[in-house]
Number of protein chains: 2
Amino acid sequence: MKVSVSGCSVEEAMRLLGGRWRLLIVSYLVDGPKRFNALRRDMPGISQRSLTLDLRALEESGLVQRTVWPTAPVRVDYALTQDGERLKPVVAVMKEFGLWLKERG
Amino acid sequence: MKVSVSGCSVEEAMRLLGGRWRLLIVSYLVDGPKRFNALRRDMPGISQRSLTLDLRALEESGLVQRTVWPTAPVRVDYALTQDGERLKPVVAVMKEFGLWLKERG
DNA sequence: CAGCATCCTATAAGATACTG
DNA sequence: CAGTATCTTATAGGATGCTG
């Protein structure tokens, strides 16, 4: 893939969040940490693989923190980092637009 | 592609705007109508084909208005519709996040 | 100028099976 | 429970050539 030339900030943001699921995942983390399978239940359409990959990408970007609890069986949860909290306005505004879209039909 | 089951509004919004370019295109229309080749210049990375397809999709969604001026050679411009103006907060917030992303590195 | 047509590659995403 | 591995399909996106 070609690297961004313009370096436009919207372009940068969309390259990180532009996927089908990432912002949706974030939207399910705004109210607090969630476990892997809880996220799966929130998003019936996502495959396990995509959820894993997107969570890894968000983790890599420092927006999501993955925590493994040393229980048996293992328990993992995902939470927004302080950086990730910066996505809250993005989620809010996107949700509002999405709602309007659905009402408009 | 599987149709959304949850009907979540964020998901709906991202299915419309989630591509690499669409929101960026919109961001270049917030200050007024633009012609096709002006948009191309704004986005050196986009192919002509993608620009056309994304503009058509935005037009189909009623967010962008395409106007053909009966000149020679033909002149076409694209503008946000009144519905499309609802994307302004989305663009604004995404730009802000992108700026922060770039500064953070 | 503003495309369309065709062909091609890259990336995203899903299905299924298996595991510590 | 929370994944990984592998294979496959779908979608996005790009390159090039041509046109009214």
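Chain A is the first sequence line, chain B the second, and so forth, proteins listed ahead of strands; every chain is numbered from 1.
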Salt bridge flag under 4.0 Å for residues A:D77 and A:R66:
no
Less than 4.0 angstrom between a side-chain N/O of A:Y78 and OP1 or OP2 of D:dG3, yes or no?
yes
Compare every heavy atom of B:L16 with every heavy atom of B:R22, then report the nearest pair and how far apart it is.
NH1-O, 3.1 Å
Under-4.0 Å side-chain N/O to phosphate OP1/OP2 contact, A:S47 with C:dA15
no
Does C:dA2 have OP1 or OP2 under 4.0 Å away from a side-chain N or O of B:R35?
yes
note: B:L16, atom CG; D:dA12, atom P; distance rounded to Å ~ 12 Å
Given D:dG14, D:dG3, C:dA2, the nucleotide with the shortest approach to the side chain of B:V74:
C:dA2
Residues A:L80, A:V30; criterion side-chain contact (heavy atoms from CB on, under 4.5 Å); working and verdict:
CA-CA 7 Å; A:L80 294 184; A:V30 294; 4.1 Å; yes
Residues A:I25 and A:D54: closest non-hydrogen pair is CD1-CB, 3.5 Å
Look at the side chain of A:T71 and the backbone N and O of A:P73, then say whether any donor-acceptor pair between them is shorter than 3.5 Å.
yes
I need the CZ-C1' distance between A:R20 and D:dA10, as an integer number of Å.
10 Å
Taken to the nearest whole Å, CG/A:D54 to C1'/C:dG14 is 13 Å
Rounded distance in Å - NZ (A:K34) to C1' (D:dC1)
16 Å
Can you measure B:Q48 atom CD to D:dG17 atom P for me and round it to whole angstrom units?
13 Å
Starting the side chain at C-beta, find the nucleotide from D:dG3, C:dG14, C:dG3 nearest to A:V76.
D:dG3
Between B:S50 and D:dA12, is there a contact of a side-chain N or O with OP1 or OP2 at under 4.0 Å?
no
Does the distance from a Lys or Arg side-chain N to an Asp or Glu carboxylate O, for A:E12 and A:R15, drop under 4.0 Å?
no
Is there a residue in residues 57-67 of chain A whose heavy atoms reach under 4.0 Å of DNA chain D, and which residues are they?
A:R66
Round to the nearest Å and state the distance from B:L55 atom CG to C:dC4 atom P.
10 Å
May I ask you to verify if any side-chain N or O of B:R56 is less than 4.0 angstrom from the OP1 or OP2 atom of C:dC4?
yes
What's the CZ-P distance between B:R49 and D:dA12, to the nearest Å?
10 Å
Contacts of B:R22 and A:A38 projected onto DNA chain D by closest heavy atom; the upstream (5') one is A:A38
Using atom CE of A:M14 as one end and atom P of C:dA12 as the other, report the distance to the nearest whole Å.
13 Å
CA sep, side-chain torsions, deciding dist, call: B:Q65, B:Y78, side-chain contact (heavy atoms from CB on, under 4.5 Å)
CA-CA 6 Å; B:Q65 169 76 40; B:Y78 295 88; over 6 Å; no
